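In listed order, ligands and their atoms are each counted from 1. Model, not experiment: these values are computed from the prediction. The figures here come from the full heavy-atom set of this structure, side chains too, leaving out hydrogens, waters and symmetry mates.
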Amino acid sequence: MQGMMMQQALLISDILNYAAEAHGDAEIISVRTEGDIHRQTYRETAARTAQLAHALQAQGVQLGDRVATLAWNGYRHFELYYAVSGIGSVVHTINPRLSPEQLIYIVNHAADKMIFTDVTFVPLLEAVKDQLPQGLTYVVMTDRAHMPANTLNALCYEELLSGQPESITWPEFDENTAAGLCYTSGTTGNPKGALYSNRSTVLHALYVSLVLGAGYPPASKILPVVPQFHVNAWGLPYAAPLMGHSLVMPGAALDGPSLFKLMDSEQVFSAWGVPTVWLGLMGEIKAQGRKPEGFSEIVVGGSAAPRSMIEGFETLGVDVVHAWGMTEMSPIGTHGKMPESVKTKSFKEQIDKKSLQGRRVFGVDLKINDEDGNRLPHDGVAAGELFVRGNGIISGYFNNEEASATAFDSEGWFGTGDIASIDPQGFLSIQDRAKDLVKSGGEWISSIDLENTAMSHEAIANCAVIAIPHPKWDERPVLVAVPAGEARPSLEALHAHMSEHFAKWQLPDDVLWVEALPLTATGKVSKLTLRKQFEDYTLPELRT
Ligand code: ADP
């Protein structure tokens with residue numbers, strides 16, 4: 001027997017309608033490319049978004065058309081999210097840190113109709129415009145006074161909005177209509193597109209609001225350092241308005257001192273981003289001898305949060321919430337909000353739990369498989385490839401049959417490529433990306449575990465472990481480290497520091513000191529680049 005309930009499409013436009021009405025005074029506070037700090041309420045944002053939607057329709061944008069953005073976090077980027085998806089077209093967020101070849105590839109692959117760009121990225125587009133689809137319309141996201149001279153024949157964002165009606169009746173369409181497109185950063189091969197729908201985006205926003213914002217004081221300020229050009233800033237531009245929290249958008253300045261200043265002056269409650277950003281902020285906190293006013297939580301993900309970093313923030317009274325996810329998952333899969341049973345434990349035990357990647361959010365199912373596809377127990381010991389399923393997870397890659405064909409197992413779950421264990425309480429422990437594991441003598445060594453322990457040495461500011469080929473053992477781990485100061489401890493000294501946590505054969509064979517680690521387009525340490533950088537390196541024991 002069927003239930004007798006209405007069925008109303010889950011549409012992104014409803015989030016903004018609701019926020020404008022229920023949380024109309026909450027704000028979007030943005031550091032702009034114009035150089036100032038701009039503020040507008042969700043009520044004002046809804047009016048401007050309606051203007052933008054009318055303008056898009058006037059430009060001939062239709063259901064299903066792709067409209068690209070190349071922009072920092074800010075209120076105009078937020079307006080694009082809602083206006084583009086609201087009229088049934090698809091907002092394609094482009095990561096400006098992609099290589100020019102990748103940029104050309106994805107704009108052509110997505111067949112974008114318009115590109116909205118911040119002033120910053122105009123030269124980037126000018127350099128590649130001849131290889132982008134003909135007939136693309138460019139819009140620079142600024143006012144007339146700040147329009148740069150350009151060869152794109154670009155329109156001006158504020159002029160586009162000007163004079164358009166400030167209200168709109170958003171069209172109703174199937175909730176499965178595509179709403180957003182984000183390409184993975186493509187560490188191997190060409191980038192692959194995750195095509196989010198209205199339904200998946202609304203559900204993901206609800207999942208995130210349920211767990212992450214649940215304990216926030218009313219009208220908190222949240223700062224997404226994680227960019228809007230990468231997996232929708234982890235869903236915050238949808239979750240924050242739903243919950244009635246304000247967004248503080250940092251624009252282009254993501255270094256420690258700039259973030260500290262912004263967070264301090266705005267009294268940001270929670271900030272979200274990848275570990276490299278928090279290392280920068282921690283540097284500034286140490287320099288100033290205090291944390292930014294009101295700063296109470298970080299949500300950290302994208303790569304493993306080092307234990308020493310978690311300890312550092314927790315000691316300052318900042319709650320560290322470790323999250324894990326993927327572009328293909330909208331992206332949040334797990335979060336590290338602690339259950340009451342953990343909050344009463346010792347500091348060390350709490351850090352132990354916070355170093356894990358947290359527990360699944362509602363709406364995401366997790367399983368781990370061995371190499372033959374058999375399910376492994378969730379006992380905190382057995383480790384295998386992590387598979388996921390849920391309403392926020394891709395069912396295939398956009399126009400890419402080849403990649404789609406190998407992405408799922410026989411039960412239809414998506415293979416993450418991560419090696420993980422899950423404990424009986426549901427805490428996920430990511431041991432490594434399958435391709436980053438060091439295979440030595442038929443055993444696995446987790447590069448994440450080694451990095452975590454090495455990072456707790458005072459002489460190391462940042463580090464990465466890579467596998468180096470070995471004729472007998474297959475591979476051996478080598479530590480590539482950025483020094484914190486003048487000291488360069490010997491390999492023996494580092495072994496002494498790490499040996500408590502590892503068997504002798506698991507310890508790195510060498511330490512290589514570098515000025516900085518290469519980062520991917522999403523701000524993670526690029527092991528692919530590192531492996532290339534040390535292609536010709538020979539392990540000490542093999543040198544003749
Ligand atoms: P890409 O790195 O290709 O741009 P994503 O940003 O979607 O793609 O990254 C997803 C991957 O990042 C995961 O599969 C996992 O390997 C890694 N990752 C994300 N969060 C964490 C975390 N908290 N701890 C460890 N690894 C993480």
- prompt: Regarding Thr520 and Lys527, is there a side-chain donor-to-acceptor distance under 3.5 Å anywhere?
  reply: no
query: Below 4.5 Å, heavy atoms only, C-beta onward: do Tyr183 and Lys192 meet side chain to side chain?
result: no
- prompt: Does any donor atom in the side chain of Thr201 or Tyr238 lie under 3.5 Å from an acceptor atom in the other side chain?
  reply: no
field: Region of Ala304 that comes within reach of ligand 1 [heavy atoms, distance under 4.0 Å]
entry: both
- prompt: By number and element, which atoms of ligand 1 are closer than 4.0 Å to a non-hydrogen atom of His322?
  reply: 22 (C), 23 (N), 24 (N)
statement: Quick note on ligand 1: atoms under 4.0 Å from a heavy atom of Gly302 include exactly 12 (O), 17 (C), 18 (N), 19 (C), 20 (N), 21 (C), 27 (C)
message: Heavy atoms only: which of Ala323, Gly325, Gly301 lies closest to atom 23 (N) of ligand 1?
response: Ala323
- request: Out of Thr327, Leu428, Thr416, indicate the one that has the non-hydrogen atom closest to atom 7 (O) of ligand 1.
  value: Thr327
task: Could you pull out the closest heavy-atom pair between Lys353 and Gln425, with the gap in Å?
output: NZ-OE1, 3.0 Å
- prompt: With a 4.0 Å cut-off on heavy atoms, is Gly417 touching ligand 1?
  reply: no
message: Closer than 4.0 Å to some heavy atom of His230 - which atoms of ligand 1 meet that?
response: 4 (O), 6 (O)
- request: Please determine, by modelled atom types, if Thr276 and Trp278 share a side-chain donor-acceptor pair under 3.5 angstrom.
  value: no
query: Is there a nitrogen or oxygen of Lys524 sitting under 3.5 Å from a nitrogen or oxygen of ligand 1?
result: yes
message: Quiz question: by atom type and distance under 3.5 Å, do the side chains of Ser440 and Arg476 form a donor-acceptor pair?
response: yes
message: Could you tell me if Lys367 sits above the aromatic ring of Trp413, with its cationic atom closer than 6.0 Å to the ring centre and no more than 45 degrees from the axis?
response: yes
task: Kindly confirm or rule out an N or O of Thr184 lying under 3.5 angstrom from an N or O of ligand 1.
output: no
task: Would you please determine whether Met329 falls within less than 4.0 Å of ligand 1 on a heavy-atom basis?
output: no
message: Using the rule given for ring-ring contact (aromatic ring centres under 6.0 Å, His included), can you reason through Phe269 versus Tyr216, listing the C-alpha separation, both sets of side-chain angles and the distance that settles it, and then say yes or no?
response: CA-CA 8 Å; Phe269 179 82; Tyr216 293 8; 5.1 Å; yes
Which segment of Met326 sits under 4.0 Å of ligand 1 when only heavy atoms are counted: both
- prompt: Pro331: heavy atom below 4.0 Å from ligand 1, yes or no?
  reply: no
